[in-house]
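Data block below; observations after.
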Number of protein chains: 2
Amino acid sequence: MGTKIRIAIAGYGNLGRGVVAAIAQNADMELVGVFSRRDPASVTLLNSNAPVHAMADIHKFKNDIDVLILCGGSKNDLPEQGPALAAMFNTVDSFDTHAKIPEYFQAVNQAAEPAGNTALISVGWDPGLFSLNRLFGEAMLPQGETYTFWGKGLSQGHSDALRRVPGVKAAVQYTIPVPSAVDRVRNGELPALSTREKHTRDCYVVLAAGANEATVTQAIVTMPDYFADYDTSVNFITEEQLQRDHAAMPHGGFVIRSGKTGAGTQQVVEYSLKLDSNPEFTSSVLVAYARAAFRLNQQGSVGAKTVFDVAPGLLSPKTAADLRKELL
Amino acid sequence: MGTKIRIAIAGYGNLGRGVVAAIAQNADMELVGVFSRRDPASVTLLNSNAPVHAMADIHKFKNDIDVLILCGGSKNDLPEQGPALAAMFNTVDSFDTHAKIPEYFQAVNQAAEPAGNTALISVGWDPGLFSLNRLFGEAMLPQGETYTFWGKGLSQGHSDALRRVPGVKAAVQYTIPVPSAVDRVRNGELPALSTREKHTRDCYVVLAAGANEATVTQAIVTMPDYFADYDTSVNFITEEQLQRDHAAMPHGGFVIRSGKTGAGTQQVVEYSLKLDSNPEFTSSVLVAYARAAFRLNQQGSVGAKTVFDVAPGLLSPKTAADLRKELL
């Protein structure tokens, strides 16, 4: 390896911390800086001596960064930051609002392409590695069904929804696949499964002072989109219990493609993740795709891209010849 | 869809039959012919009216075929056919002698590149989809170990080895992962596993007239490379039992990457296949990659390639915009 790929991070939350740690595991990369909207003097990086800069100054670093990894949230940060930063840098982000991906792709592409930058959007495990497995599944087995199960894992979006319920002081939500549904899919039964049949939702809630358990429970289990279509359990705990037992962010899940070939021969393909830390794993995926973004840009492949556009060999620090020899 | 991709097949055995069936599941493709070294009049295709031609005439079809799928064996057919046919056509093959892949890649590349053809080599599930998962695993989790388990499944190579033992009239061999080893890997224990600890081998043997069970068993369990390093069971059965109970060709296995992120956080990624027909699944993979070979060639990307070089989106008949909308 000659020169290292110069990576910077925009946004220092759980994901940003994970990216710092992941870069340290990749010998061909170096972290050249972290950009934050907070006062840089107030941000102390964990296990890194990289400088922290004000996000407002990022345009001054155009020549110092090969790939910028965007670690902001999909709801408020990325819709604005994604296009703005792709106009200045090669970027990788984990935009995960599935329904808005086409619109986000267009906005990022319009910024990245004229600037000659490469912007990999919606990288992570879902969207990301799970999306790849949905694609592989239906490409290999055109006659079949794809099933995605999530969990057991802590869902950030559903935990946020709980916290907006009046009377809830703090809360976490776990998404849990229904074991019998998973078994039926694995057995190649091709079942038609309702939303309720696929996942259950377990909530751990700290009540606000004076709030009523029954009222809060009712508000949660009837909440449209988030809980009404699921079997939801609500468990009331203390703040101490929440901090002691629910601080980790595990997640995971399965993508299963069940299909038929020839005269009805059954074939089942399964991809599964068992993650003790969702943000740390997502960060590791972002960093591998940062390598690919850098290489795509060097090849002249510019504009917005997704995991579907990335030849897998671009993710590895190994040469194509070594990959053929060692991994094929 | 406008014009269909014109696919032809070289070699009509189990794999060739599977390719005929797989093409029928893909609306954007048509089978334009099968080439065989046998007398074409003696070859009757299953579920297809496509013409059968003599392999010796294949050079006459240079303008009629978009992609030729090579369905010969890796031992005797492909080392010769691969380069010869890649000089005339875009090709896809399932060359699976892992140790000889670099050499085979060079030979095919030297034929394909000057001819402006695209040749995807070593496509299938191992090498192929399993290779991809080995690559993804180490790219995402650089600190960790990758484990590949095969089976339960019928191994063609080991069955062939059994049939070469004096006193064996017919035989099949099943490769079986050791469940406790798989469990330890799935639990993230990162065990060091010897060959014997990972798989067992079950043999079902029909004795030749006058042969001795003890002698044959001894010859099998001590055979270097194939059986000596494994716990091998040898079961003697009748020819009727062999045909009744062991005619199917199931296979499958797992690729598991177990790694650590951050300060020792455990992350486990698993890819698994449960195939009721190994050749039919391999054929389905070949056909999806034939679509990619056609598109790569249209993009001007010529020479020998592997699954590592193929952006996943090229495998799907869907447009990039539809993929982003439906599968990302």
Side-chain angles (χ1 to χ4, degrees), chain A residues 17-18 21-22 25-26 98 101-102 105 122 127 129 131-136 138-143 186 188 252 259 261-263 265-277 280-281 283-285 288 291 306-313 315-317 320-321 323-325 327-328, chain B residues 17-18 21-22 25-26 98 101-102 105 122 127 129 131-136 138-143 186 188 252 259 261-263 265-277 280-281 283-285 288 291 306-313 315-317 320-321 323-325 327-328:
Chain A
R17 273 189 287 275
Q25 291 189 341
N26 287 279
H98 289 260
I101 285 174
F105 179 89
S122 299
L129 302 177
S131 320
L132 284 176
N133 280 279
R134 288 189 283 264
L135 185 155
F136 277 111
E138 66 171 52
M140 308 301 156
L141 297 170
Q143 287 184 10
R186 281 190 182 139
T261 57
T265 309
Q266 190 169 287
Q267 317 275 19
V268 180
V269 183
E270 176 170 343
Y271 182 77
S272 76
L273 297 174
K274 205 165 61 186
L275 310 174
D276 281 2
S277 165
E280 284 183 10
F281 185 74
S283 301
S284 295
V285 178
R291 181 181 290 117
T306 75
V307 292
F308 298 150
D309 304 310
V310 178
L315 300 170
S316 171
L323 288 176
R324 286 191 294 270
K325 193 175 170 197
L327 296 182
L328 198 63
Chain B
R17 274 189 287 276
Q25 292 189 340
N26 287 280
H98 290 260
I101 285 174
F105 178 89
S122 300
L129 302 177
S131 320
L132 284 176
N133 280 279
R134 287 189 282 264
L135 185 154
F136 278 112
E138 66 171 50
M140 308 301 157
L141 296 171
Q143 287 185 10
R186 280 191 182 138
T261 57
T265 308
Q266 191 169 287
Q267 317 275 17
V268 181
V269 182
E270 175 170 342
Y271 183 76
S272 76
L273 296 173
K274 206 165 61 188
L275 310 174
D276 280 2
S277 166
E280 284 183 11
F281 184 75
S283 300
S284 294
V285 178
R291 180 181 290 118
T306 75
V307 294
F308 298 149
D309 304 309
V310 178
L315 299 170
S316 171
L323 288 176
R324 285 191 294 269
K325 192 174 169 197
L327 297 182
L328 198 63

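By convention in this document, chain letters (A, B, ...) are assigned in the order of the sequence lines, proteins followed by strands, and residues within each chain are numbered from 1.
For chain A, the nearby parts of B/Leu275 are the backbone and the side chain; heavy atoms of each come within less than 4.5 Å. Heavy atoms closer than 4.5 Å to chain B are found in the side chain of A/Phe136, but not in its backbone. When heavy atoms are compared at a cutoff of 4.5 Å, B/Ala21 approaches chain A solely by way of its side chain, counted from C-beta outward. Within the 4.5 angstrom heavy-atom criterion, only backbone atoms of B/Val310 (N, CA, C, O) approach chain A. Looking at A/Thr306, the atoms closer than 4.5 Å to chain B (heavy atoms on both sides) all sit in the side chain, from C-beta outward. The contact between A/Ile101 and chain B is made entirely by side chain atoms (from C-beta outward), counting heavy-atom distances below 4.5 Å. Residue B/Arg17 does not touch chain A at all, counting heavy-atom pairs closer than 4.5 Å. Residue A/Phe105 touches chain B through its side chain alone, counting heavy-atom pairs closer than 4.5 Å. With a 4.5 Å cut-off on non-hydrogen atoms, A/Val269 touches chain B through its backbone and its side chain both. At a 4.5 Å heavy-atom cutoff, the contact between B/Leu135 and chain A is made by backbone and side-chain atoms alike.
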List the steps, then state whether side chain to side chain contact (heavy atoms under 4.5 Å, CB included) holds for A/Thr261 with A/Leu141. CA-CA 7 Å; A/Thr261 57; A/Leu141 297 170; 3.6 Å; yes
Pair A/Leu315, B/Met140 - check side chain to side chain contact (heavy atoms under 4.5 Å, CB included), show working. CA-CA 8 Å; A/Leu315 300 170; B/Met140 308 301 157; 3.8 Å; yes
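Comparing B/Ser283, B/Ala288, B/Pro142, B/Pro102 by heavy-atom pairs within less than 4.5 Å of chain A, the highest count is held by B/Pro142. The residue among B/Pro312, B/Ala263, B/Gly313, B/Ala22 with the most heavy atom pairs within less than 4.5 Å of chain A is B/Pro312. No other option in B/Arg186, B/Arg134, B/Arg291, B/His98 has as many heavy-atom pairs under 4.5 Å with chain A as B/Arg134.
Note that CD of B/Gln267 is 7.0 Å distant from OG of A/Ser284, once rounded to the nearest 0.5 Å.
A/Asn133 has its side chain within reach of B/Tyr271: a pair of non-hydrogen atoms, C-beta onward, lies under 4.5 Å apart.
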